[in-house]
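Proteins get letters first, then strands, A, B, ... in listed order; numbering begins at 1 in each.
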Number of protein chains: 4
Amino acid sequence: MANLKKTVPTLVKDPELIKKRREQMIKGAVRLFIEKGFHRTTTREIAKESGFSIGTLYEYIRSKEDVLYLVCDAIYEEVKNRLAHHLDTNSQGITRLKKAVSAYFQVIDDMQDEVLVMYQEAKSLPKEALSYVLQKEVEMTEMIEQVIRDCVSEGVIFIQDAQVKVVAHNILVQGHMWTFRRWQIQKQFSLEEYTNLQIEQLLQGINYK
Amino acid sequence: MANLKKTVPTLVKDPELIKKRREQMIKGAVRLFIEKGFHRTTTREIAKESGFSIGTLYEYIRSKEDVLYLVCDAIYEEVKNRLAHHLDTNSQGITRLKKAVSAYFQVIDDMQDEVLVMYQEAKSLPKEALSYVLQKEVEMTEMIEQVIRDCVSEGVIFIQDAQVKVVAHNILVQGHMWTFRRWQIQKQFSLEEYTNLQIEQLLQGINYK
Amino acid sequence: MANLKKTVPTLVKDPELIKKRREQMIKGAVRLFIEKGFHRTTTREIAKESGFSIGTLYEYIRSKEDVLYLVCDAIYEEVKNRLAHHLDTNSQGITRLKKAVSAYFQVIDDMQDEVLVMYQEAKSLPKEALSYVLQKEVEMTEMIEQVIRDCVSEGVIFIQDAQVKVVAHNILVQGHMWTFRRWQIQKQFSLEEYTNLQIEQLLQGINYK
Amino acid sequence: MANLKKTVPTLVKDPELIKKRREQMIKGAVRLFIEKGFHRTTTREIAKESGFSIGTLYEYIRSKEDVLYLVCDAIYEEVKNRLAHHLDTNSQGITRLKKAVSAYFQVIDDMQDEVLVMYQEAKSLPKEALSYVLQKEVEMTEMIEQVIRDCVSEGVIFIQDAQVKVVAHNILVQGHMWTFRRWQIQKQFSLEEYTNLQIEQLLQGINYK
DNA sequence: CATGAATGAGCCTTCATTCAT
DNA sequence: GATGAATGAAGGCTCATTCAT
């Protein structure tokens with residue numbers, strides 16, 4: 001269950017430089033992937049957008065797929081970090097869950113393009129790299145699950161264990177929805193409205209007889 | 001808002017033949033796209049898998065993207081038809097909604113691979129073709145919305161209009177979830193369990209203080 | 001010990017065409033390999049020299065190494081055929097061996113450039129292809145050995161078995177010498193002189209006390 | 001016909017250092033060339049195998065081809081030296097020639113890989129460098145020729161002048177044979193057997209009527 | 001002197017598309 | 001209508017060489 005970070009081999013030795021160059025690279029690649037997708041972006045374009053030559057690009061990666069991995073990894077890391085940061089509340093009771101959902105939706109909204117790219121292109125990752133990335137998804141799910149379980153422990157929510165998982169997945173996916181279906185949803189709702197409606201639905205379900 | 005079917009130009013006149021060849025083509029292409037994705041599939045492979053030559057393939061389409069359009073269109077049509085077929089019930093009250101959700105999840109489960117392919121590759125469609133396909137998504141949403149509204153009209157559900165939309169989207173996306181997150185979800189739940197849990201959640205929300 | 005011909009896969013089906021195109025390709029490639037060696041020759045150059053486009057080249061081979069294999073194979077085949085043709089004599093006694101050596105040296109002289117290329121570049125063949133080619137060398141050796149053995153059977157030569165092998169190898173290699181050391185040898189001797197001297201040496205050795 | 005040693009320019013002044021670094025370099029390069037050939041070896045690999053950086057490598061050479069020249073030159077020098085050392089006998093008569101051949105074959109056997117590399121890769125040398133190296137080959141031939149001529153002078157061998165040259169070339173090439181055709185010959189004979197058979201053949205030729 | 005990051009020309013190969021038969 | 005050979009733009013990647021530190 002350990003999830004050692006997969007490291008992409010480099011020809012360059014200086015760790016400082018690696019960090020710097022990869023940041024440039026990721027930034028450039030994300031911009032391009034958002035614009036035209038992974039397959040339609042060439043390595044030459046990535047190099048240029050990153051501010052260095054094609055030769056230099058390949059000093060920091062072995063293959064184009066490495067760029068994708070680096071990009072997906074960075075985006076996940078960013079989302080997770082932001083989320084973790086926002087979850088760090090002292091709220092009590094159901095408020096805690098509400099705030100978590102709000103925070104999560106907010107993070108997704110802030111990183112719409114990145115999230116979109118990641119979910120659309122990750123499938124092009126080589127098998128092993130994909131596993132590493134999917135593991136991150138599992139971790140995200142667990143973070144949300146934990147918030148719910150905390151509420152259960154506190155006695156503010158009464159649901160069976162299986163339902164916890166389903167609800168966690170639902171919340172996650174409702175975040176994705178906000179980006180994937182934005183051409184429909186963001187025309188109809190503001191983020192705040194969307195958040196409120198989803199939280200309401202989450203807590204009360206449909207009010208039926 | 002018009003939804004005229006976008007037609008792909010052909011060099012061949014005989015409509016019967018067009019229909020036949022395109023069916024072969026779609027069947028072959030879906031198989032390949034499922035296996036290796038749109039970008040990694042070559043037109044030669046599509047022709048071969050379809051049972052005719054590359055030259056013939058290009059008698060029935062203008063570009064590789066046309067194949068993708070035909071495939072996405074066919075899959076949507078199939079999903080919509082199957083769903084429409086299953087919705088055709090005489091159920092009353094909340095049961096009607098429950099059955100709709102069940103039916104929808106069942107359809108998705110039956111067409112997992114196709115649904116997965118469609119949602120993953122549609123983004124590679126040229127702008128205009130993408131619009132046509134997304135329109136189908138809107139229609140699907142409306143079908144679900146209609147079921148909910150019917151319940152509202154019948155007086156078995158009391159929710160505001162905005163919530164109807166959100167719930168419809170949620171249901172749709174929970175269907176996608178069943179395929180997109182199958183590596184997590186299908187390990188944890190059977191389709192029946194998943195369906196029941198989602199319906200329960202949908203109707204009652206979280207049982208909280 | 002069977003030596004099935006290794007066939008290079010093609011995208012083209014018409015065997016006539018394959019034969020024709022490959023002949024063009026081999027001819028062009030030999031010319032280039034002679035001029036600048038295998039590694040310094042580009043696939044584009046091969047295509048151009050063969051009279052077709054780079055795309056077409058790759059319809060008839062899978063990799064650059066395939067060209068080298070085709071070239072080596074063709075040269076060996078040519079040398080072997082020519083030699084076999086010339087060996088087809090009715091000579092008796094030692095004359096038979098003399099004629100064989102003459103014929104062989106003549107063939108080598110006629111195909112100097114090709115022979116040179118083949119022996120210099122074959123090492124770049126992938127392992128398996130190299131084996132196929134080396135097998136041809138074995139067959140050549142056996143052809144020469146056979147001529148010697150025939151003389152032994154006829155009772156015109158008396159040498160032990162091991163010596164037969166060594167002599168056969170020597171003859172082969174003295175042929176190669178004529179091309180590999182041409183910058184020295186061909187300055188000093190005409191082919192006829194060289195042939196006579198080698199035959200004399202072969203038969204009598206050094207006349208020593 | 002002058003045979004001035006071609007010197008490879010350096011950025012470094014200190015002759016001691018140059019000598020030391022080049023020895024490292026040659027040792028490393030030979031190892032790599034034996035393993036994968038000149039063209040498949042990169043300058044980076046050479047630097048690494050030599051124990052210094054790519055930058056340093058280029059302080060001691062101007063181009064990759066310089067490395068090849070240095071390597072070929074060093075190998076030839078080594079072969080020549082070893083041979084000269086072994087020839088330094090006091091033997092008389094035909095024994096002198098026999099010992100020379102034995103010694104030469106022994107040297108070749110000891111340096112198989114190096115000899116193989118040199119003869120296979122020297123062709124990639126730039127024209128001028130190639131001439132320098134070939135000159136070494138001439139010198140080797142002359143060394144052998146001299147041994148034969150000494151025998152002729154001593155009156156133990158009676159052959160015409162032209163034959164002397166041919167025999168010298170034959171001996172040289174029979175040495176190469178031992179490495180180039182090792183996949184055939186070394187399977188059939190030990191070095192001793194091979195040496196004896198070749199000497200026998202050299203002296204007596206084929207015993208024919 | 002030594003280092004190693006940067007460069008970019010150039011290589012091999014693929015593949016969507018066309019068109020003569 | 002069907003076929004498949006031909007095309008060449010374009011892509012991913014390598015590697016000899018340079019030069020600032």
With sequence neighbours left out, write down each residue that passes side-chain hydrogen bond (donor to acceptor under 3.5 Å, both in side chains) with C:Lys48, or none if nothing qualifies. none
Could you check how far CG of D:Leu32 sits from C1' of F:dC15, rounded to whole Å? 15 Å
So does B:Thr56 get a side-chain nitrogen or oxygen closer than 4.0 Å to the phosphate oxygens (OP1/OP2) of F:dT3? yes
For B:Ser131, check side-chain contact (heavy atoms from CB on, under 4.5 Å) against everything at least two apart and list the hits. none
Mind checking what makes side-chain contact (heavy atoms from CB on, under 4.5 Å) contact with D:Leu130, not counting sequence neighbours? D:Ala122, D:Leu125, D:Leu134
Could you give the CZ-to-P distance, from D:Arg62 to F:dT17, as a whole number of Å? 10 Å
Tell me every residue that passes side-chain contact (heavy atoms from CB on, under 4.5 Å) with C:Thr42, counting only those two or more places apart in sequence or in another chain. C:Arg44, C:Glu45
Hey, what are the protein-to-nucleotides 19-21 of chain F N/O distances that come in under 3.5 Å?
none

Mind calculating the distance between NE2 (D:His39) and C1' (E:dC12) to the nearest angstrom? 16 Å
Restricting to pairs with a member in residues 21-31 of chain D, which pass salt bridge (charged side-chain N to carboxylate O under 4.0 Å, His left out), not counting sequence neighbours? D:Lys19-D:Glu23, D:Arg31-D:Glu49
Report yes if the side chains of D:Leu32 and D:Ile46 come closer than 4.5 Å at any heavy-atom pair, otherwise no. yes
Ion pair C:Glu35/C:Arg40, N-O distance below 4.0 Å: no
With sequence neighbours left out, write down each residue that passes side-chain hydrogen bond (donor to acceptor under 3.5 Å, both in side chains) with D:Ser124, or none if nothing qualifies. none
Is there a side-chain polar atom (N or O) of D:Thr42 under 4.0 Å from OP1 or OP2 of F:dC15? no
A:Ile26 side chain reached by A:Val30 side chain, heavy atoms, under 4.5 Å: yes
Just to be sure I understand the geometry, which residues of residues 10-27 of chain C put a non-hydrogen atom under 4.0 Å away from DNA chain E? none
Per nearest nucleotide of DNA chain F, the residue lying toward the 5' end, A:Ser63 or D:Ser63, is A:Ser63
side-chain contact (heavy atoms from CB on, under 4.5 Å) filter on A:Glu128, not counting sequence neighbours, yields A:Lys6, A:Tyr132
So if I take every side-chain heavy atom of D:Tyr60 and compare against E:dC12, E:dA2, F:dT17, which nucleotide ends up nearest? E:dA2
Per the atom types in the model, does the base of F:dG11 pair as donor or acceptor with the side chain of A:Arg44 at under 3.5 Å? no
Residues 20-46 of chain B vs ring-ring contact (aromatic ring centres under 6.0 Å, His included), sequence neighbours excluded, gives A:His39-B:His39, B:Phe33-B:Phe38
Rounding to an integer number of Å, can you tell me how far C:Leu68 CG sits from E:dC12 C1'? 15 Å
Rounded distance (Å) that lies between atom P of F:dA10 and atom NZ of A:Lys64: 15 Å
Within less than 4.0 Å of OP1 or OP2 of E:dC15, is there a side-chain N or O belonging to B:Thr43? no
Enumerate, in order of first residue number, the stems that involve DNA chain E, defined as 3 or more consecutive Watson-Crick or G-U wobble pairs with both distances under 3.5 Å. E:2-21 with F:2-21
Rounding to a whole Å, what distance do you find between B:Ile54:CD1 and E:dT17:C1'? 8 Å
Take atom CD1 of B:Ile61 and atom P of E:dT18, then tell me their distance rounded to the nearest Å. 10 Å
If the condition is ring-ring contact (aromatic ring centres under 6.0 Å, His included), which residues does D:Tyr119 pass it with, not counting sequence neighbours? D:His176
Rounded to the Å, how far apart are B:Lys48 NZ and E:dA16 C1'? 18 Å
